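Notes follow once the structure below has been shown.
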Amino acid sequence: DAGVTQSPTHLIKTRGQQVTLRCSPKSGHDTVSWYQQALGQGPQFIFQYYEEEERQRGNFPDRFSGHQFPNYSSELNVNALLLGDSALYLCASTPTSGTEAFFGQGTRLTVV
Amino acid sequence: KQEVTQIPAALSVPEGENLVLNCSFTDSAIYNLQWFRQDPGKGLTSLLLIQSSQREQTSGRLNASLDKSSGRSTLYIAASQPGDSATYLCAVKRYSTLTFGKGTMLLVSP
């Protein structure tokens, strides 16, 4: 079992650009959540996808959007990047009936 | 709004010590509580999951307890080793999302 995989591992973007991050959930997991972790902080919930729809959303602007595909993989898109968007972006997956969340290794985004 | 606090923010101990990490949360209406380990710049590794109806869970040298009514959880690490050095995060789950504390950074010296 490959676990939760995220790509790319590192990314450098310029202010104003757009970025897409990708996540493949653990086998058998159909729910994907995205979190943003700034340096020295705990992860903050961005949104969650289930059955290809956004089920819940945290306190993040509309510049943050996502998508879930029929194979349960997911993308996180961020438009009009700001310096403050620099962070580690974490993807977590859970099965429908499960309770334990499993995280990927994260994507380190640096906005310059 | 749920708030999660972890004390201490950092801890440095010599190898072999038993230690306790603390986590408190403001809203006791949680579904479960999960402890994670995070190595620098890496993702989160799940250590222990305690359902809201449970009082504790054990895995090897780790033991986590939960007192939902008082909004507290502790992670006990027995006979600490240098390889335990990492940041430990607790997270509470309500509905289907996790709310995290800022973590306790642990350094175990040989």
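Numbers restart at 1 for each chain; the letters A, B, ... are given by sequence-line order, proteins then strands. Just so it is clear, the model here is predicted, and its values are computed rather than measured.
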Does anything in residues 5-15 of chain A reach chain B? List residues with heavy atoms under 4.5 Å apart, or say none. none
Counting neighbours of NZ on B:Lys68 that are heavy atoms of other residues, nucleotides or ligands and sit closer than 6.0 Å, is the number greater than 12? yes
Within a reach of under 6.0 Å around CZ of B:Arg61, are more than 12 heavy atoms found that belong to other residues, nucleotides or ligands? yes
With chain B, the option among A:Gly106, A:Gly58, A:Ala101 that has the most non-hydrogen atom pairs under 4.5 Å is A:Ala101
Select, from B:Leu49, B:Leu44, B:Thr99, the one with the greatest count of heavy-atom pairs under 4.5 Å involving chain A. B:Leu44
Hey, any chance A:Phe45 and A:Leu76 share a hydrophobic cluster, counting ILVMFWY side chains that come within less than 4.5 Å of each other, even indirectly? no
Is it the case that the side chain of A:Gln48 and the backbone of B:Ser96 share a donor-acceptor pair, with hydrogens and angles ignored and the cut-off at 3.5 Å? yes
Side chain, backbone, both or neither of A:Tyr35 within contact of chain B (heavy atoms, under 4.5 Å): side chain
Does A:Asn71 have more than 12 heavy atoms from other residues, nucleotides or ligands lying within 6.0 Å of its CG? yes
Give the cluster check for A:Val111 versus A:Ile46: same hydrophobic cluster or not, with ILVMFWY residues linked at side-chain heavy-atom distances below 4.5 Å. yes
How long is the gap from OG1 on B:Thr97 to CZ on A:Arg55, to the nearest 0.5 Å? 10.0 Å
Please determine whether the number of non-hydrogen atoms from other residues, nucleotides or ligands lying under 6.0 Å from atom OH of A:Tyr72 exceeds 12. no
Looking at CG of B:Leu98 and CG of A:Leu90, how far apart are the two atoms once the value is rounded to the nearest 0.5 Å? 11.5 Å
Take atom CG of A:Leu39 as the centre, draw a 6.0 Å sphere, and report whether it contains more than 12 heavy atoms from other residues, nucleotides or ligands. no
Quick check on B:Gln38 against chain A: is it the side chain, the backbone, both or neither that has a heavy atom closer than 4.5 Å? side chain
Single-linkage hydrophobic cluster A:Leu83~A:Tyr89, side-chain heavy atoms < 4.5 angstrom: yes
Heavy atoms only: give me the nearest B:Gly41-A:Leu88 pair and the separation to one decimal. O-CD1, 4.4 Å
Say whether B:Leu62 and B:Val13 are linked into one hydrophobic cluster, either directly or through other cluster members, by side-chain heavy-atom distances under 4.5 angstrom. yes
Near A:Gln44 CD, under 6.0 Å, is it more than 12 heavy atoms from other residues, nucleotides or ligands? no
Measuring from atom CG of B:Leu89 to atom CZ of A:Phe103, what distance do you get when rounded to the nearest 0.5 angstrom? 9.0 Å
Which bit of A:Gln37 comes within less than 4.5 Å of chain B, counting heavy atoms only: side chain, backbone, both or neither? side chain
Same cluster or not: are B:Val4 and B:Leu11 linked, directly or through other Ile, Leu, Val, Met, Phe, Trp or Tyr residues, by side-chain heavy atoms under 4.5 angstrom apart? yes
